[in-house]
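Note that these values count all heavy atoms, side chains included, but never hydrogens, waters or copies made by symmetry. Letters A, B, ... are given to chains in the order of the sequence lines, protein chains preceding strands, and every chain is numbered from 1.
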Protein chains: 2
Amino acid sequence: MTARREIPTIPDVAREAGVSMATAARALGGYGSVSAAAKERVAQAAKTLGYRPNVVARSMITGRTNAIGVVLADIENAFFSSAVRGIADAARAAGQHVILANTDEDIEKEHAAIRVFVERRVDGLIVCPTDGTDRTYLRGIIEQGTPVVLLDRRIRGLRADSVGIDNHRAAYEATRYLLAAGHERIGVVTGTASDVEAALHRPGLVGVENLVGMTGGERTAGYRDALLQAGIEPRVDYVVSGGGYRREDAVAATKELMALEEPPTAILPLDSILSLGVLQAVRELGLRCPRDVSVVGFDDAEWTETVTPPLTVVAQPVQEIGARALQRLLSRIDGSRQRPVHETLETTLVERESVGPPLSEG
Amino acid sequence: MTARREIPTIPDVAREAGVSMATAARALGGYGSVSAAAKERVAQAAKTLGYRPNVVARSMITGRTNAIGVVLADIENAFFSSAVRGIADAARAAGQHVILANTDEDIEKEHAAIRVFVERRVDGLIVCPTDGTDRTYLRGIIEQGTPVVLLDRRIRGLRADSVGIDNHRAAYEATRYLLAAGHERIGVVTGTASDVEAALHRPGLVGVENLVGMTGGERTAGYRDALLQAGIEPRVDYVVSGGGYRREDAVAATKELMALEEPPTAILPLDSILSLGVLQAVRELGLRCPRDVSVVGFDDAEWTETVTPPLTVVAQPVQEIGARALQRLLSRIDGSRQRPVHETLETTLVERESVGPPLSEG
DNA sequence: CTGTTAGCGCTTTCAC
DNA sequence: GTGAAAGCGCTAACAG
């Protein structure tokens with residue numbers, strides 16, 4: 001139970017070193033000009049006293065906190081935790097800290113988190129927005145002076161940088177891959193019910209890319225266009241959602257798909273948790289992958305090469321997406337006034353063993 | 001390109017509302033006493049001006065930042081991302097924010113992260129320490145006034161709360177489970193090379209629990225004691241590490257194990273990534289689980305019921321561990337002077353299909 | 001209940 | 001190169 005020593009301040013150090021407060025501050029803060037001798041004495045005094053700069057006082061003056069607010073759905077999700085890793089590493093290199101908020105795809109929580117971050121005077125925000133149409137809120141934040149970079153998703157009509165992948169193209173290529181393997185009946189398992197609803201009302205899946213949950217919408221559109229280009233009419237009953245992004249949802253969706261009169265011979269789950277659900281449902285139905293159904297997933301999760309069969313996936317450079325988002329944010333913080341850029345990083349189709357030829361009609 | 005409006009301050013609001021700065025501050029800050037009428041006018045003025053409190057100015061006075069520093073090895077690791085989720089949820093409820101730092105088990109990075117957090121004047125720290133013997137550094141931090149709670153691991157001789165599981169008991173029970181299934185030759189795959197080195201030099205695995213990487217050490221000791229209690233002499237060549245906690249390391253370790261003259265009939269990987277490696281190695285060796293080798297893993301990762309076979313694991317309540325750690329930290333922040341407590345939460349053995357009877361001698 | 005007055009610990013003019 | 005003084009935006013005594 002040592003008494004809680006108070007952390008010494010600059011005046012304390014100045015006194016100890018026998019210099020003025022301003023000199024001590026300059027030596028400690030590494031700005032202005034100080035003679036080598038003074039610098040040395042101050043450093044010595046700081047050391048013996050155990051001086052630690054008070055970053056909050058500094059922030060109050062400089063107006064910069066060296067903190068970045070990161071707003072995403074759920075850090076437990078492997079995609080986000082990788083992205084945060086990328087952000088955090090880049091941040092560390094730039095002397096910035098990462099503050100985290102989970103929204104669970106709840107727009108109220110998202111707004112609340114952003115508001116509190118702004119009150120905290122974060123230098124900038126990296127946001128993975130819940131709602132692709134919610135532009136007014138973020139526009140206000142940006143106009144008021146806090147730079148924002150969007151991650152993984154975009155918001156139409158918002159003047160903010162974004163970093164992610166080309167979702168349309170990624171799904172397009174995955175679908176073409178399945179097509180090339182001979183599949184013509186390809187199902188999609190998504191988490192966003194609105195993707196499906198819209199699909200149900202728009203024969204041929206016209207316009208899915210205008211949907212709210214853009215990642216799902218863009219991917220569904222990419223899938224549709226690959227089909228169309230191959231001369232196959234997209235079927236609305238082949239795009240299903242179990243109501244959410246949990247594994248059970250994908251299990252339900254997959255079972256629904258396989259219960260169709262003409263079940264698909266291949267399935268495209270739109271994220272890694274959904275892939276897990278598809279695989280599980282396939283097994284529960286007593287089917288074998290890829291003999292009975294082929295699967296191409298999204299995101300190269302840690303388990304993809306350990307499941308049976310090893311899963312073929314569209315891999316995104318997730319950490320790099322995070323790192324690039326931070327980079328863009330930093331340059332905005334540094335005052336870049338360049339018009340918004342939407343950066344898309346390359347995806348890779350990692351071929352493993354979950355795709356085979358379609359099961360010939362029984 | 002709207003001009004960047006400056007955020008209004010309390011004096012601005014006071015002027016607009018026609019009250020004194022102190023009254024405005026009290027109304028806005030929710031402290032002291034203000035008449036309902038004044039409160040109303042201030043609220044109105046704040047709204048029209050778009051006032052946002054400046055948390056950093058407030059922090060400078062109150063000395064509290066409402067920020068918690070979380071220092072862990074790697075947020076990408078599912079264990080840590082779940083723990084952070086638990087911490088973040090509890091923090092949000094308490095009006096606290098979470099700042100993150102990854103150490104990659106590097107003591108230098110850990111110290112640097114902690115130092116910077118202290119300079120940031122975080123209200124407290126949750127640390128998953130790299131080195132179980134490194135007590136002086138953290139002791140200094142605590143004495144200087146920043147409360148610290150340890151997560152998942154402990155440090156001998158450090159007066160700080162900790163929250164985790166009873167690692168010895170968890171491994172003990174997992175081993176007994178394997179023993180009950182008839183296994184007598186049980187291997188351990190760990191990531192910490194020092195566990196193994198120590199084991200190699202201490203016949204019978206005496207003293208592994210004194211090791212630096214405590215989680216691994218305690219679990220290895222629990223394993224050893226279960227064996228001893230069953231009258232089986234622990235074999236030093238049954239505890240292996242591939243040099244780290246990556247999947248490849250576990251693949252190498254498992255192959256080493258299975259190449260022994262008398263290979264084990266069951267394997268206990270000490271964390272979830274290692275489990276993935278064990279499973280992968282088993283398959284690469286052309287063996288089947290559980291027919292040829294049984295496996296009991298640690299941590300109930302998202303993929304455990306989807307791999308083939310579904311994996312039997314020791315599940316930890318990871319989010320709750322995080323939440324409890326935050327709770328303990330808050331009470332320390334609030335000045336609790338109670339002597340340090342080491343809280344262990346219950347684990348659950350989740351039986352799935354990766355354990356069978358031992359393969360009878362060929 | 002309200003207003004006035006000091007600062008929190010630091011950076012930043014501005015003289016010297 | 002160094003010192004003195006003036007704040008950053010807010011809270012915390014104090015009076016009134």
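Protein chain B contacts DNA chain C over a range whose 5' and 3' limits, counting nucleotides with an atom under 4.0 angstrom from a non-hydrogen atom, are C/dC1 to C/dG9.
Tested against B/I87, the residues B/V98, B/V149, B/L72 include a single side chain to side chain contact (heavy atoms under 4.5 Å, CB included) partner, B/V98.
A/T9 comes within 4.0 angstrom of the backbone, heavy atoms only, and of no base.
Dashed line: the shortest gap from a side-chain N or O of B/T62 to OP1 or OP2 of D/dT11 is not under 4.0 Å. Phosphate contact (OP1/OP2 of D/dT11, side-chain N/O of B/Y31, threshold under 4.0 Å): present.
Counting only residues at least two apart or in different chains, salt bridge (Lys or Arg N to Asp or Glu O under 4.0 Å) contacts with residues 78-95 of chain B comprise A/D74-B/R85, A/D104-B/R85, B/R85-B/D89. For the salt bridge (Lys or Arg N to Asp or Glu O under 4.0 Å) condition, no pair includes a residue of residues 18-32 of chain B, sequence neighbours left out.
Comparing atom distances between the B/I10 side chain and each of D/dC10, D/dC8, D/dT2 picks out D/dC10 as nearest.
Every residue two or more places apart in sequence or in another chain that forms a salt bridge (charged side-chain N to carboxylate O under 4.0 Å, His left out) with B/R153 is listed here: B/E105. Qualifying ring pair (Phe, Tyr, Trp, His ring centres under 6.0 Å) partners for A/F79, counting only residues two or more places apart in sequence or in other chains: none. In this structure B/F117 satisfies the ring pair (Phe, Tyr, Trp, His ring centres under 6.0 Å) test together with A/H97, sequence neighbours excluded. Residues forming a ring pair (Phe, Tyr, Trp, His ring centres under 6.0 Å) with B/Y137 (at least two apart in sequence, or on another chain): B/H111. Annotation: side chain to side chain contact (heavy atoms under 4.5 Å, CB included) contacts of B/N54 (sequence neighbours excluded): A/R121, B/V56, B/A57. Residues passing the salt bridge (charged side-chain N to carboxylate O under 4.0 Å, His left out) test with A/R324, sequence neighbours excluded: A/E343. Applying the salt bridge (charged side-chain N to carboxylate O under 4.0 Å, His left out) test to A/E119 and every residue at least two apart in sequence or in another chain returns B/R52.
Projected onto DNA chain C by closest heavy-atom contact, B/A36 and B/R121 fall at different nucleotides, the more 5' of which corresponds to B/A36.
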Quick one: which protein N/O atoms are closer than 3.5 Å to N/O atoms of nucleotides 3-5 of chain D? Pair and distance per line, please.
residue, atom, partner, partner atom, Å
D/dG3, OP2, A/S20, N, 2.9
D/dG3, OP2, A/S20, OG, 2.7
D/dG3, OP2, A/T23, OG1, 2.5
D/dG3, O5', A/S20, OG, 3.3
D/dG3, N7, A/R26, NH2, 2.6
D/dG3, O6, A/R26, NH1, 3.2
D/dG3, O6, A/R26, NH2, 3.1

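Between the P atom of D/dG7 and the CE atom of B/M60 lies a distance of 15 Å, rounded to the nearest Å.
When the local axes at the two ends of the helix from C/dC1-D/dG16 to C/dC16-D/dG1 are compared, using 5 base pairs at each end, they differ in direction by 30° after rounding to 10°.
You'll find the side chain of B/L151 reaches within 4.5 Å of the side chain of B/I321, heavy atoms only.
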